[in-house]
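In what follows, a structure is listed as structure tokens, so that the remarks can point back to it.
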Amino acid sequence: MAAFAIELRRLREECGRPTYRQLATLSAKVGSPYSDTTFSTAARGHTAPSRAVVMAYVRACLAYTKADEEKIASAVDEWDTRWKPLEVELAPARPSQPAADSAAAPEPDRPSPSTSEGSESEQTDEQTERPVVVTARWFADRRKPVLMFLAGIAAMAGLGLGARYIAPPGSAAADSVPPVAAPPGASLSAAGLGGNSRCGRLRYVNGLTWSPCTRVEGTKLVFAVQISNRGKTPVAVKAKLSYVRAGVAYGCPGSWGAGVDIKVPPGETVISPLAACTVTKLPATAFQAKAWVITPTDRSWGYREMSQTVHIQPDGVKAIWADEA
């Protein structure tokens, strides 16, 4: 539920960051009136919003961008698909919620949360092309997160159904159709790069799991993608790495920015070189890693995944992750 709320806030940011009062006014105009309080509560993630509230929120955000009816309808369909696995997960616990607020004017102004989920930063020329193959010794240094990671994989193997992730409409990086994601209840976070790092949702291709990661390292940020093979045979894939700064995507330098062919040995994890994609911190700016992993026969890069957002504070030094905001 918290991850879903983050996506709602990110959609609002990408649509120009309308106030919740503006969204309430727009929701009435598009025929699904809700109050600013209802929308801000949904975006905070403390309680699960109803499907009707989510669809009204999406319509209002797209209406703020003056999107045409076709684009709004497409966005609503995507978010409806995104909503279904969450609804199944929350159905036993979520109390019933009124279908809609009255069609009257929105409730009076009150402080609204404003969590920026923006994205990403400039590059340095520093790079290394060779991927890092992570063996048992590397995992021993990260025993706890790795055990959590393996527990998540075990849960995924035991639960069949997959939850589908849909990129928020209007995203600068929204590409193609997403693949099947982890089953409900399974861990969606990768093990991490160590240090002050966060990774995105686990994705699946050709029997492998993968995730983009961002690490805060002194005066710079490091972007990487890690790919794990828990099978018994080597698996070949293609990977590409970039990053997002303040909502704008930037390619990483060298071969990792253009795409590389990788063969992941059985039982091991491959991580892109930590020097292959780094940027200097910028004050009051948000960053994310962005990556693609596809089969060697795929003709296009298809769906991308992004790491959790890190917000560099106005002092240009302190970094706050989205889950800390």
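All values below come from the heavy atoms of this structure, side chains included, with hydrogens, waters and symmetry mates left out. Fair warning: this is a prediction, and the values are worked out from it, not measured in the lab. This chain uses plain numbering: 1 for the first residue, then up along the sequence.
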inquiry  = Assess the residue pair I312 and L282 against the criterion (side-chain contact (heavy atoms from CB on, under 4.5 Å)); give the C-alpha distance rounded to whole Å, side-chain angles, the decisive distance to 0.1 Å, and a yes or no.
reply    = CA-CA 7 Å; I312 306 303; L282 293 179; over 6 Å; no
query = Among L208, V205, V235, which one satisfies side chain to side chain contact (heavy atoms under 4.5 Å, CB included) with T295?
reply = V205
Would you name the heavy atoms of [X] and [Y] that are closest together and state the gap between them?
{"X": "Q308", "Y": "D323", "result": "OE1-N, 2.8 Å"}
{"X": "R44", "Y": "A5", "result": "C-CB, 4.0 Å"}
{"X": "A236", "Y": "N206", "result": "O-ND2, 3.5 Å"}
{"X": "G231", "Y": "P266", "result": "O-CB, 3.4 Å"}
{"X": "A24", "Y": "S35", "result": "CB-C, 3.8 Å"}
{"X": "W256", "Y": "A239", "result": "CZ3-CB, 4.1 Å"}

Roughly how far, to the nearest 0.5 Å, is the [atom2] atom of [Y] from the [atom1] atom of [X]?
{"X": "Q22", "Y": "R17", "atom1": "CD", "atom2": "CZ", "result": "11.5 Å"}
{"X": "Q226", "Y": "S197", "atom1": "CD", "atom2": "OG", "result": "8.5 Å"}
{"X": "W210", "Y": "I294", "atom1": "CH2", "atom2": "CD1", "result": "10.0 Å"}
{"X": "L23", "Y": "T38", "atom1": "CG", "atom2": "OG1", "result": "11.5 Å"}
{"X": "Q313", "Y": "T285", "atom1": "CD", "atom2": "OG1", "result": "10.5 Å"}
{"X": "C252", "Y": "F223", "atom1": "SG", "atom2": "CZ", "result": "7.5 Å"}

Option passing side-chain hydrogen bond (donor to acceptor under 3.5 Å, both in side chains) with E305 (candidates R203, R201, K290) =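 Among R203, R201, K290, the one meeting side-chain hydrogen bond (donor to acceptor under 3.5 Å, both in side chains) with E305 is R203.
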ask   = Going by the angle between their ring planes, with limits at 30° and 60°, are F39 and Y57 parallel, tilted or perpendicular?
value =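 Taking Y57 first and then F39, their aromatic rings stand perpendicular (interplane angle over 60°).
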task = State whether the SG distance for the cysteine pair C213/C199 is less than 2.5 Å.
result = yes
Got [X] and [Y] here, is their nearest side-chain heavy-atom distance under 4.5 Å?
{"X": "K71", "Y": "T65", "answer": "no"}
{"X": "S211", "Y": "L202", "answer": "yes"}
{"X": "V58", "Y": "E78", "answer": "no"}
{"X": "L62", "Y": "L11", "answer": "yes"}

Closer than 3.5 angstrom, by distance alone: can the side chain of [X] be matched with the main-chain N or O of [Y] as a donor-acceptor pair?
{"X": "S255", "Y": "V260", "value": "no"}
{"X": "T214", "Y": "A289", "value": "yes"}
{"X": "R59", "Y": "S27", "value": "no"}
{"X": "S74", "Y": "E70", "value": "no"}
{"X": "R9", "Y": "A43", "value": "yes"}
{"X": "S272", "Y": "V225", "value": "yes"}
{"X": "N229", "Y": "T233", "value": "yes"}

key: Criterion side-chain contact (heavy atoms from CB on, under 4.5 Å) on L8 and W79, from CA distance to verdict   = CA-CA 10 Å; L8 288 176; W79 279 85; 3.6 Å; yes
Hydrophobic cluster of Y64, others only, ordered by chain and residue number, side-chain cut-off 4.5 Å =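 Result for Y64 is L26.
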query = Do we get K238 above W292's six-membered ring, with its NZ or CZ under 6.0 Å from the centre and within 45° of the axis?
reply = no
ask   = Are V248 and L221 linked, directly or through other ILVMFWY residues, by side chains that come within less than 4.5 angstrom of each other?
value = yes
request  = May I ask you to check whether Q288 and S307 show a side-chain donor-acceptor distance below 3.5 Å?
outcome  = no
Residues forming a salt bridge (charged side-chain N to carboxylate O under 4.0 Å, His left out) with K263, sequence neighbours excluded = none
message = Let's go through K84 and D80 carefully: what are the C-alpha distance in whole Å and the side-chain angles of both, what is the deciding distance for side-chain contact (heavy atoms from CB on, under 4.5 Å) to 0.1 Å, and is it a yes or a no?
response = CA-CA 6 Å; K84 288 176 182 177; D80 187 47; 3.5 Å; yes
V54 and R82: CA distance, side-chain angles, deciding distance, side-chain contact (heavy atoms from CB on, under 4.5 Å) verdict = CA-CA 10 Å; V54 172; R82 170 83 168 93; over 6 Å; no
request  = Before accepting this row, confirm whether a basic side-chain N of the pair K220/E217 lies closer than 4.0 Å to the acidic partner's carboxylate O.
outcome  =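 Salt bridge present between K220 and E217.
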key: Verdict with supporting geometry, C15 and C61, disulfide (SG to SG under 2.5 Å)   = CA-CA 6 Å; C15 289; C61 285; 5.0 Å; no
